[in-house]
Structures are given as structure tokens and as C-alpha cells.
Amino acid sequence: MSGASALGDAVRYLNDPLSWTQRGGILDLLGDHLWMTLVAVALAAVIALPLGVLLARLRRGSAVVVTAANLTRALPTLALLYIFTAAIGFGQRPTILAVAIFAVPPILSNTFTGLQEVDPAARDAGRGMGMSRGRLLTSVELPLALPLIGAGLRTAVVQVIATVSLASLVGGGGLGLIISNGIFTQRFGQAMAGALLVVVLALGVEALLAVGQRILTPAPMRVAGRRRGARRSGARAGG
């Protein structure tokens, strides 16, 4: 089958109303995919956000953060998936646990880096106003670190949406089921349609989160974030 033929079959599959509305169709699988993504990212955030804050407050643990960041590239997600499946059985739970581990590194590293890069003058001003450590964290440090923390969450969400496609291998459903069914039955147009759906979903959710983050971030902090980004880019360009 040529690529053009597969693309034509993919378009026909996506334009068929039954592909969307039948039991176990795209809408049902999309719901499963989003549910697994939401739970996995929530689990990862519960672990990574407090740990990132703790390491930043202790002003140590950079080795832990670097190791965690490298795990993003080195984690054998498929192996984790099969290990969890052997331990707790088939379904969505092993997929959620496996991809949650996969989502921890970007959230942890961005939380740590964001807090480390808070302007010391802002901390001094907060202390000068008599803020406690907790108040300083919630009123000064976390708001200033929000752009980087948000970027870490967005990265984690995109990675999880792509990786949750593996759930179809262990009976977890999701959009990956369209891909695997298409491959096993040699309906490669259907497989291509499933892959396109995952890509569009990842990009769409990432765009929505970026818009939400922009709306929630006060204008002065957006300006400060752009300046910090420009300084980092300048430093990298200067070697």
C-alpha cells in the first residue's frame, strides 16, 4: 500500500460518522485517553512538585534533578508497562502508573529550576516585609517560578498523551487501540488515522494549557519571564 493510499483511507476513516459514534469508537477511546492522561499527570505532579520545592529550598539536589531529567530519555516505558501489568494485571492502571513515572522528570526539573532562578532581590524584599518562609514561597517564589513550572507541566502532558497510546497493548484502550487494530488487520489507513488523532490531541491540549497559563500569569510576570528567557538565550549564544 502506498503512502497516498493510506492517507486516503485515513481521511475516509476519520470522515465516517460511525468511526466516531459507534460503541468503542473514537469518542469513547478519546475519553479513555484523556482520563488516563489526567490521572497520570496528577500523580506525577503530586510527587514532583513538592519534591522540586523541597530540593530548591534546601539548595541542593541538583544531581537528583539532572538524573531525573535524563530519565525522560532513558526510561524504558514499554518495559515499565509490562512490569506493572505483570504485577497488577491488564487494564488502565498499569498504563497510568508507567506513564506517571515518565511524567515526573519534566515537572521536577522545571520546578527546581524555576525556584532556583527567582531573583534574590525579590526574596530579600519579601523577608524585609516580614514574610514567613511559607508566605514567601506561596506569595513570591512560586508565582515568579510559575512560567517554568507551567512549561514542565505542559511538556509532561504532551509526553503522556503520546505514551498513553501504549495502553492498547495491555487492554487499557485509548486512541492507541485504533493504531494497533489498524496494524494487526493491515488497515494502515486506520493506523495512520489513529496516529494523527494522537498528534492533534497532544498539540491541541498543549496549546490550551499555554493559553490558560498566559491568562493566569499576571502581565508583569510574563514580561519578567520573557526577559529571563532572553538572558538564557543570550548566555547560550555567547557560549
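Numbers here simply count residues along the sequence, with the first being 1. Remember, predicted model here, so these are calculated numbers, not experimental data.
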[Y] backbone acceptor or donor facing [X] side chain under 3.5 Å:
X     : Y      : answer
Trp20 : Leu14  : yes
His33 : Val164 : no
Asp16 : Arg12  : no

- Task: Looking only at non-hydrogen atoms, find the nearest pair between Pro143 and Leu137 and report the distance.
- Result: CD-O, 4.0 Å

Between [Y] and [X], is there a side-chain heavy-atom distance shorter than 4.5 Å?
X      : Y      : answer
Leu144 : Asp119 : no
Leu148 : Glu117 : yes
Met192 : Leu7   : yes
Leu142 : Ile149 : yes
Ile179 : Ile183 : yes

For [X], check side chain to side chain contact (heavy atoms under 4.5 Å, CB included) against everything at least two apart and list the hits.
X      : answer
Arg135 : Met131, Ser132, Ser139
Leu177 : Leu29, Ser168, Ser180, Asn181
Ala162 : none

Distance, nearest 0.5 Å, that separates [atom1] of [X] from [atom2] of [Y]:
X      : Y      : atom1 : atom2 : result
Ile178 : Gln190 : CD1   : CD    : 7.0 Å
Leu55  : Leu108 : CG    : CG    : 6.5 Å
Leu54  : Leu115 : CG    : CG    : 11.0 Å

- Would you list the pairs meeting salt bridge (Lys or Arg N to Asp or Glu O under 4.0 Å) in which at least one residue belongs to residues 94-104, sequence neighbours left out? none

- Item | Summary of salt bridge (Lys or Arg N to Asp or Glu O under 4.0 Å) pairs that have at least one residue in residues 137-156, sequence neighbours excluded |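 The answer is Arg57-Glu141, Arg123-Glu141, Arg154-Glu206.
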
- Task: Indicate, with yes or no, if Leu175 and Val170 share a hydrophobic cluster defined by side-chain heavy-atom contacts under 4.5 Å among Ile, Leu, Val, Met, Phe, Trp and Tyr.
- Result: no

- Task: Give the cluster check for Leu209 versus Trp35: same hydrophobic cluster or not, with ILVMFWY residues linked at side-chain heavy-atom distances below 4.5 Å.
- Result: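 Both belong to a single hydrophobic cluster.
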
Listed pairs under 3.5 Å, donor-acceptor, residues 79-107 side chains, sequence neighbours left out:
residue	atom	partner	partner atom	Å
Thr85	OG1	Leu81	O	2.7
Arg93	NH2	Ile88	O	3.4

